[in-house]
Q: 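Have a look at the structure that comes next, please.
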Amino acid sequence: MTATTTGPHTRRWAGLAVLSASLLLVVMDMTILNVALPEISAQLRPGSVELLWMVDVYSLIVAGLLVTVSALGDRWGRKKMLLTGFALFGLASAAVAGADSAADVIAVRALLGVGGAMIMPSTLSMIRTLFTDARERATALGIWAAMASLGGALGPIVGGLLLENFSWHAAFLVNVPVMVIAVAAGLVLLPESRNPRPGRWDAAGAVLSAVGMTSLAYAIKHGAKEGLDVWTVLTAAVAALALTWFVRRCLRRSDPLLDLRLFRNGAFTSGTIAALATSIAMAAMALLLAQWMQLVQGYSPLETGVRLLPMAVGAGICSPLAPVLAARIGARPVLSGGLLVSGAGFAVVYLLPLDYPSVAVALLLIGAGMGALAIASAVIMSGSPAEKAGSAAAIEETSYEVGGTLGVAVLGSLAAALYRSEVPPGTPESLGTALEIAATAQDAALALQAQRAFSDSLVLTSGYGAVLMVVAAALVWWRTPAELDLAAASH
């Protein structure tokens, strides 16, 4: 691997601080929009299609570019790619100051997606470069995972605070000074690294991965909202064709754009399964719980963000501790155990009366399980050589991105179906819309029935989430080598 020296011990950890802070901000930005969207809609009056693109364009761009950007980073330089991502993210955030239409916001979100696709896998592969000692790397990845969890929890709180004092533009502009600092600090603290033997650039593979992943994400999102219509079938077919061609191309080439042969390693596969299952369950539960707190319990967006904090507390405590525990009892029990702890959190919602105290306990358990899953990143990196850090990071980030999309689409659609089965025919699928209609008609019975139906759907979906986590825990236990020692991983 070609890299400058990683410097003394303190510089490595200072570099990690830069990477973690930037990841924290990117993850926060994903959730801040959920809080800002009502005010954006009130001021800009977007149509239904424009509103959909405001929400979806970021994740579609990220999903489509992760593989290509990671492969480019392996060739061009991971530090250059990361700093370029910082700069683009900051510039896109600053551009929102001049946004006065829905199309402007969509364009800003698209540019943020390009910057996010550069930042997210680069932070992970840079950790592989900064920390050549496997035990230190596991600790660093634990901190990295804690920041990702914390960002998801802080987003609604920061967004609520900003919107109470400023316009919706502040939800974007807050990124600018942080990215300026990140670029300056990254220039000084981060070493450059790249794959010394990247092979030929596969332009056709890059196009196939972008088309396939974007089509897959769109098909899942559109299918969840509109059902099995023409667009869902068409985009799903395009995704299947492009991704099948891309996989066959990668497996045939000696220098693939994405090294799918990494899945031959049991540890790598188990870490990826853990990342995918966790993001599926978490994305759906975060969406459903946020709606339940605001529309059933009557909390404001800021109050909802505060009440979601137990998940960040659990993750923040357990993420740094997980590598220490793995060093004592092994990576396999910690990884599988983390999934089971998260599953227990879902089971609490399913088994206990649905009120905030039980939800707080559930969130704490889910967060603690997510913290233990910090080991997943270490397991993935232990299953890949240093020169393949970009491929490994791209696969992990793709697992999180696709898992989040699947979670909202599959478990979210399941919750919507359960909700529809308990409300009168013709009741809007959106609980918020149903409550507005009930308020206008002064129909308290309809409002109560819709709230009860949503709560029941949340409880049943939590049960399915618990089953998913148990199944994932069993698969991870089966695929992770019993003797896996993260401290002995290849440097």
Q: Would the number of heavy atoms belonging to other residues, nucleotides or ligands and lying under 6.0 Å from CH2 of Trp76 be above 12?
A: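 More than 12 heavy atoms, drawn from other residues, nucleotides or ligands, come within 6.0 Å of this atom.
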Q: Got a donor-acceptor contact below 3.5 angstrom from the Gln294 side chain to the Thr304 backbone?
A: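 Checked: no pair found.
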Q: Between Thr480 and Arg332, which heavy-atom pair has the shortest distance, and what is it?
A: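 Minimum heavy-atom separation between Thr480 and Arg332: O-CD, 3.2 Å.
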Q: Looking only at heavy atoms, which two atoms of Ile119 and Met179 are closest? And how far apart?
A: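 So the two residues come closest at CD1-CE, 4.3 Å.
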Q: Is there side-chain contact between Ile61 and Val57, with at least one heavy-atom pair below 4.5 Å?
A: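 Yes - at least one pair of side-chain heavy atoms lies under 4.5 Å apart.
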Q: For Ser455 and Trp292, which heavy atoms make the closest approach, and how far apart are they?
A: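 Ser455 and Trp292 have their closest heavy atoms at OG-NE1, 3.4 Å.
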Q: Would you mind checking if Glu192 and Lys80 are paired as a salt bridge, meaning a charged N to carboxylate O distance below 4.0 Å?
A: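 Result for this pair is yes, salt bridge flagged.
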Q: Do Leu112 and Val108 come close enough that some side-chain heavy atom pair is under 4.5 Å?
A: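 They are in side-chain contact.
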Q: Where is the tightest heavy-atom contact between Met469 and Ala277, given as atom of each residue plus distance?
A: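 That would be SD-O, 4.0 Å.
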Q: On a heavy-atom basis, which atom in Ala466 and which in Phe346 lie closest, and how many Å separate them?
A: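 Scanning both residues completely, I find the closest heavy atoms to be N-CB, 3.7 Å.
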Q: Hey, which of Val459, Leu295, Leu288 is the one that makes side-chain contact (heavy atoms from CB on, under 4.5 Å) with Phe454?
A: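 The single option meeting the side-chain contact (heavy atoms from CB on, under 4.5 Å) with Phe454 is Leu288.
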Q: Are side-chain heavy atoms of Leu83 and Met118 found at a separation under 4.5 Å?
A: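 No; the side chains remain at least 4.5 Å from each other.
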Q: To the nearest 0.5 Å, how far apart are CG in Leu243 and CE in Met213?
A: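 Going from CG on Leu243 over to CE on Met213, the span is 6.5 Å.
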Q: So, do Asp202 and Arg249 sit near enough that their side-chain heavy atoms are less than 4.5 Å apart?
A: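 Sidechains of Arg249 and Asp202: in contact.
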Q: For the residue pair Trp168 and Val105, establish whether any side-chain heavy-atom pair is separated by less than 4.5 Å.
A: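 Sidechains of Val105 and Trp168: in contact.
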Q: Determine the minimum heavy-atom distance between Leu111 and Ala92, stating which atoms define it.
A: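 For Leu111 and Ala92, the tightest heavy-atom pair comes out as CB-CB, 3.6 Å.
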Q: Taking the side chain as every heavy atom from C-beta outward, state whether Leu72 and Met81 have any atom pair closer than 4.5 Å.
A: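 Yes. Closest side-chain heavy atoms under 4.5 Å.
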Q: Does any part of the side chain of Phe86, heavy atoms only, come nearer than 4.5 Å to the side chain of Val180, both counted from C-beta?
A: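 Sidechains of Phe86 and Val180: no contact.
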Q: For Arg253, is the CZ atom crowded, meaning more than 12 foreign heavy atoms sit under 6.0 Å from it?
A: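 Enclosed: over 12 neighbouring heavy atoms sit under 6.0 Å from CZ of Arg253.
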Q: Check the surroundings of atom CZ in Arg264: do more than 12 heavy atoms from other residues, nucleotides or ligands lie under 6.0 Å from it?
A: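 For Arg264, atom CZ is not crowded (no more than 12 foreign heavy atoms under 6.0 Å).
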Q: Answer yes or no: is there a donor N or O on one side and an acceptor on the other, between the side chain of Ser270 and the main chain of Val476, under 3.5 Å?
A: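 The answer is no, because no donor-acceptor pair under 3.5 Å joins these two groups.
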Q: Hey, mind stepping through Val67 and Phe246 against side chain to side chain contact (heavy atoms under 4.5 Å, CB included) and telling me if it holds?
A: CA-CA 11 Å; Val67 171; Phe246 175 70; 3.9 Å; yes
Q: Check for a donor-acceptor pair, side chain of Thr235 on one end and backbone N or O of Thr232 on the other, with a separation under 3.5 Å.
A: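 Flag set: sc Thr235 to bb Thr232 pair under 3.5 Å.
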Q: Between the side chain of Arg78 and the main-chain N/O of Met126, is any donor-acceptor distance below 3.5 Å?
A: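 Absent.
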Q: Checking Ser22 side chain against Leu19 main chain: does a donor-acceptor pair fall under 3.5 Å?
A: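 Side chain of Ser22 to backbone of Leu19: a pair is present.
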Q: Check whether any side-chain heavy atom of Val238 lies under 4.5 Å from a side-chain heavy atom of Leu216, and answer yes or no.
A: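 Val238 vs Leu216: side chains apart.
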Q: Has the side chain of Thr269 got a donor or acceptor atom that lies under 3.5 Å from a matching backbone atom of Phe263?
A: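 Here the side-chain-to-backbone pair exists.
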